[in-house]
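Predicted model, so just to flag it, every value in this text is computed and none were measured.
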Amino acid sequence: MSMSESAQGQAETRPGQGARSADSPESPESVDQELIDEVVGSVPELSPLDTLRHSCAHVMAKAVQRLWPEAKVTIGPPVETGFYYDFDIERPFSQEDLERIEAEMQAIVEADEPFERHEIPRDQAIELFRELGEDYKVEIVERLPPEASITYYSTGDWLDLCRGPHVASTGEIKAFKLLSVAGAYWRGDERNKMLQRIYGTAFPDKKQLREHLHRLEEAKKRDHRKLGKELDLFSIDETIGGGLVLWHPKGARVRYLIEEHWRREHYASGYELVSTPHIARDALWHKSGHLNFYGENMFSGMDVEGQTYLAKPMNCPFHFTMFNRTLYSYRDLPVRWAELGTVYRYERSGVLHGLLRVRGFTQDDAHLFTSREELPGELERVVNFCLYILRTFGFSDFKLYLATRPAKFVGDPELWDEAEAALHAVLEKSGLEYEVERGGGAFYGPKIDLKLRDSLGREWQCSTVQVDFNMPERFDLKYVGQDGDRHRLVVVHRALLGSIERFFAVLVEHYAGAFPVWLAPVQARVVTISEKQDAWAREVENDLRRRGFRVESDLSSDKLGAKIRRAQLEKIPYMVVCGDREVERREVAPRTREGQKLESMGLDDFAEHLADKARIPGGEGP
RNA sequence: GCCCACGUGGCUCAGUGGUAGAGCACAUCCUUGGUAAGGAUGGGGUCGCCGGUUCAAAUCCGGCCGUGGGCUCCA
């Protein structure tokens with residue numbers, strides 16, 4: 001039940017209440033706080049960069065109101081990589097408008113107008129903003145306590161309700177850029193009016209701005225949707241349906257390589273693999289509670305001979321039902337079952353996004369059935385296993401998040417404490433960066449989420465390890481103890497890669513499509529210089545293929561340069577050149593995609609070289 | 001679902017009222033060339049779908065579908 005988050009949570013926004021206020025200032029609860037923070041109390045602490053960006057947002061608002069006096073201002077906070085400001089204006093902003101606004105902002109910056117702080121009583125503030133026609137500012141002030149003293153900042157002839165702080169004057173804003181326009185609901189509530197949001201960014205100097213824009217470009221180039229098309233990895237076709245993925249041969253190849261590795265490591269680590277159906281009767285979903293608490297995300301049922309069947313959004317109920325077919329002894333525990341289980345979830349059309357947010361995806365799910373006593377050891381083991389596997393895929397930078405007991409919870413508080421203490425110990429032992437989100441856990445148990453940072457420094461959530469005190473009750477999961485009595489089990493849900501689709505997307509972006517040799521859909525391409533070498537090329541291809549490598553040959557009539565170029569663009573790790581010299585000596589002249597030319601060598605040597613490069617990194621076990 | 005933008009051959013895109021174009025890819029032919037594009041010829045598009053305006057619609061209008069940037073959502 002719990003895997004929804006891990007598999008589908010967006011990269012930048014961590015699910016769970018604790019995380020929400022920290023990560024997304026736009027979410028409903030935090031917006032109110034945002035409003036309050038923005039206008040009352042003493043000048044808050046804001047990093048110099050955030051202060052700069054906040055000031056830049058003010059300059060932008062002033063520029064917008066100069067150009068379109070009818071625009072009403074709302075709020076404009078700094079965000080992680082810049083700032084935004086929301087306006088209420090009929091006219092939608094266009095890309096050309098952004099340029100006009102930027103020019104106007106530049107004029108304000110050049111005027112070097114000081115930011116001046118003013119403090120006035122609440123009543124006066126309401127009157128002031130009412131006169132200005134700034135209805136949203138009036139609304140904000142009206143929501144504040146009556147005794148509050150209100151501050152606003154002015155720059156020249158313009159002012160804005162704001163708590164501050166700001167830079168001393170607009171001249172300090174040296175490097176900024178407006179990036180995009182988007183719709184955004186007033187106060188983040190979809191029942192409210194849709195405002196026009198302009199996103200921008202600002203930096204202390206032009207160099208840093210350039211670097212940031214360059215990173216954005218780089219991220220765009222690595223977008224898995226773009227590379228997915230260019231490298232012919234996957235597609236999503238409207239005649240099949242949004243969020244339903246078609247894996248092309250090359251993408252499927254990588255996927256199956258990931259899965260093979262995953263299966264091998266799970267068997268090696270004491271898991272059994274299971275397999276369960278895609279649909280089940282509604283009775284199961286009533287029993288698990290999913291229809292009740294997850295029904296909105298489930299595809300509607302289909303009628304089969306008068307019975308309703310629904311596509312599974314999660315795998316757990318199948319595993320639990322299967323577990324109950326047998327009465328397990330304490331000697332059998334912990335039982336570890338894993339499945340690459342394909343689930344279907346209804347997601348609103350607007351949220352679908354490449355492979356990162358889809359409607360049908362495969363979770364690398366596992367359930368650990370353990371006694372209370374063995375829970376701590378099992379938790380440590382599973383977290384280490386996750387870290388180990390992620391490292392084999394080339395990730396080394398991790399951050400962990402522990403989410404603890406919320407106000408509303410089920411189960412024994414003592415058990416909660418034990419589990420949380422165990423998770424805490426795992427975090428400490430790991431030596432990795434971590435954060436504790438007090439009260440951020442689900443009602444059924446505490447959890448650890450694991451995020452990895454990719455080559456561009458972006459964070460992606462993959463693994464989640466969640467203790468569950470609820471499902472064992474619903475499914476009456478028990479084992480026979482040493483004393484001969486039946487005891488309640490504890491279940492740990494775990495997704496390691498999250499979902500195969502998502503993880504694949506992260507891999508594509510991390511490597512910019514240049515997969516490491518062990519994952520590359522094509523490891524080597526045999527290229528000939530002329531058709532005189534065709535026979536030898538075929539022999540090379542077949543030989544290497546028999547040795548287990550993924551090889552193709554390019555026997556087209558193009559010149560060598562063109563063949564090399566094509567292979568480069570396809571990001572194939574090795575190009576194996578066969579010319580007359582090589583034919584004569586029964587050798588190949590390899591070249592790497594990094595442009596390195598290797599000495600001409602025989603097939604045994606090349607196979608050895610390739611096998612060495614195709615080794616899975618850190619594959620020695622956890 | 002909401003706001004905005006976009007939807008033209010397999011791909012990337014040009015074409016703003018007069019019945020479709022480029023590059024790449026593909027096919028055939030010429031070339032047999034040593035590490036990121038050799039040349040020629042050719043095939044391929046009911047311009048997302050439906051309706052409307054007009055003598056005439058890829059182009060203007062409306063609806064729908066899809067995609068993108070965000071918002072909301074993702075216990």
Side-chain angles (χ1 to χ4, degrees), chain A residues 1-10 13-17 20 24 26-28 31 84 86 89-95 97 179-199 220 223 225-226 229-230 232 235-242 289-290 292-297 313 345-354 356-358 406 408 440-444 461 466 470 527-534 556-570 575-582 589-593 595-598 600:
Chain A
M1 58 192 285
S2 48
M3 300 305 168
S4 57
E5 305 176 347
S6 63
Q8 293 282 280
Q10 267 188 305
T13 310
R14 196 163 51 259
Q17 296 131 350
R20 185 170 290 162
S24 57
E26 306 83 284
S27 61
V31 164
Y84 67 81
D86 288 346
I89 179 170
E90 286 310 309
R91 158 189 227 289
F93 292 121
S94 66
Q95 202 57 38
D97 290 339
L179 298 170
S180 59
V181 186
Y185 301 108
W186 166 234
R187 297 181 52 235
D189 189 328
E190 66 182 325
R191 288 164 302 192
N192 287 343
K193 185 165 185 186
M194 180 69 76
L195 307 169
Q196 305 264 344
R197 172 173 299 181
I198 300 178
Y199 279 99
K220 228 176 178 176
D223 191 310
R225 293 166 301 178
K226 184 170 149 63
K229 206 185 278 184
E230 285 172 9
D232 197 15
S235 62
I236 293 168
D237 192 290
E238 64 175 274
T239 57
I240 286 164
H290 282 95
N292 203 12
F293 61 72
Y294 205 74
E296 281 182 11
N297 285 290
R345 295 179 184 176
Y346 166 67
E347 301 278 3
R348 297 214 270 173
S349 56
V351 308
L352 299 176
H353 183 92
L356 293 175
R357 194 79 180 267
V358 290
K408 278 177 76 178
F443 72 86
Y444 52 78
Q461 181 177 329
Q466 313 194 336
N470 182 42
V527 293
T528 51
I529 289 170
S530 76
E531 60 193 28
K532 286 186 288 180
Q533 299 91 29
D534 284 4
S556 66
S557 67
D558 291 308
K559 292 175 74 168
L560 181 61
K563 295 186 186 187
I564 297 280
R565 177 182 150 82
R566 203 176 306 136
Q568 282 295 142
L569 292 175
E570 292 177 43
M575 284 142 262
V576 179
V577 178
C578 293
D580 285 338
R581 280 203 297 276
E582 287 73 28
R591 169 203 155 103
T592 70
R593 68 184 156 197
Q596 190 195 1
K597 284 165 77 170
L598 305 182
S600 181

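With rounding to whole Å, A:Leu352 atom CG is found 15 Å from B:G69 atom C1'. Between A:Asp189 atom CG and B:G70 atom P the separation is 21 Å, expressed in whole Å. Separating the CD atom of A:Glu570 from the P atom of B:A25 is a distance of 12 Å, rounded to the nearest angstrom. Rounded to whole Å, atom P of B:A75 lies 8 Å from atom OH of A:Tyr444. If you measure from atom CZ of A:Arg225 to atom P of B:U12, you get 13 Å, rounded to the nearest angstrom. We find that NZ of A:Lys220 is positioned 14 Å from P of B:G68, with the value rounded to whole Å. Atoms CG (A:Leu356) and P (B:G70) sit 12 Å apart, rounded to a whole Å. The CD1-C1' distance, from A:Ile198 to B:C71, rounds to 15 Å in whole Å.
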Worksheet item: Can you give one letter per nucleotide of nucleotides 1-7 of chain B, going 5' to 3': B for a protein heavy atom under 4.0 Å from the base, S for sugar-phosphate only, - for none?
Response: BBBS---
Worksheet item: When every nucleotide of nucleotides 31-41 of chain B is labelled 5' to 3' by its protein contacts under 4.0 Å (heavy atoms), B for base, S for sugar-phosphate only, - for none, what sequence of letters results?
Response: BBBBBBBB---
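Rounded to whole Å, the separation between the P atoms of B:U46 and B:U59 comes to 16 Å. Look at the C1' atom in both B:G10 and B:G62: the space between them is 32 Å, to the nearest Å. Rounded to the nearest Å, the gap between the P atom of B:G45 and that of B:U8 is 16 Å. B:C2 and B:U72 have their C1' atoms separated by 8 Å, with the value rounded to a whole Å. For B:G68 and B:C29, the C1' atoms lie 43 Å apart once the distance is rounded to whole Å. B:A58 and B:U16 are spaced 10 Å apart, taking the C1' atom of each and rounding to whole Å. Comparing B:G15 with B:G21, their P atoms sit 15 Å apart, to the nearest whole Å. On the C1' atoms, B:G66 is 7 Å away from B:G48, given to the nearest whole Å.
The side-chain heavy atoms of A:Arg591 and A:Gln568, taken from C-beta on, include a pair separated by under 4.5 Å. Residues A:Arg357 and A:Glu347 form a side-chain contact, since some pair of their non-hydrogen atoms from C-beta on lies under 4.5 Å apart.
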Discussion item. Go through it in stages, so that I can follow the logic: the residues are A:Asp237 and A:Thr239, the test is side-chain hydrogen bond (donor to acceptor under 3.5 Å, both in side chains), and I'd like the CA-CA distance, side-chain angles, deciding distance and then a yes or no.
Written reply: CA-CA 5 Å; A:Asp237 192 290; A:Thr239 57; 2.5 Å; yes
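With a cut-off of 3.5 Å on both pairing distances, the Watson-Crick or G-U wobble partner of B:C60 is B:G52. In a base pair of the Watson-Crick type (N1 to N3 plus N6-O4 or O6-N4) or a G-U wobble (N1-O2 and O6-N3), with each distance short of 3.5 Å, B:C2 is matched with B:G70. Pair check for B:G21 finds B:C13; Watson-Crick or G-U wobble, both atom distances under 3.5 Å. Using the Watson-Crick or G-U wobble rule with both distances under 3.5 Å, B:C47 pairs with nothing in any strand shown. Summarising the base pairing, B:A40 is matched to B:U28 through a Watson-Crick or G-U wobble pair whose two defining distances lie under 3.5 Å.
One finds no salt bridge joining A:Asp189 and A:Arg187 here, because no Lys/Arg side-chain nitrogen approaches an Asp/Glu carboxylate oxygen to under 4.0 Å. Comment: A:Glu90 engages A:Lys193 in a salt bridge, judged by a side-chain N to carboxylate O separation of less than 4.0 angstrom. With respect to the salt-bridge test (charged N to carboxylate O, under 4.0 angstrom), the residues A:Arg565 and A:Asp558 do not qualify.
For the pairing with A:Asp223, the side chain to side chain donor-acceptor pair (under 3.5 Å) check across A:Lys220, A:Lys226, A:Arg225 returns one residue only, A:Arg225.
Distances shown here put a side-chain N or O of A:Tyr199 below 4.0 Å from the OP1 or OP2 atom of B:C71. Look at A:His353 and you won't find any side-chain N or O under 4.0 angstrom from OP1 or OP2 of B:C74.
Residue whose closest nucleotide on RNA chain B sits further toward the 5' end, between A:Asn297 and A:Gly241: A:Gly241.
Summarising the geometry of A:Pro406 relative to A:Gly441, their closest heavy-atom pair is CG-O, 3.3 Å, with the distance given to 0.1 Å.
Taken to the nearest 0.5 Å, the OG1 atom of A:Thr528 stands 10.5 Å off from the CG atom of A:Asp580.
Between A:Tyr294 and A:His290, the ring planes lie perpendicular to each other; the angle is over 60°, past the 30° to 60° tilted range.
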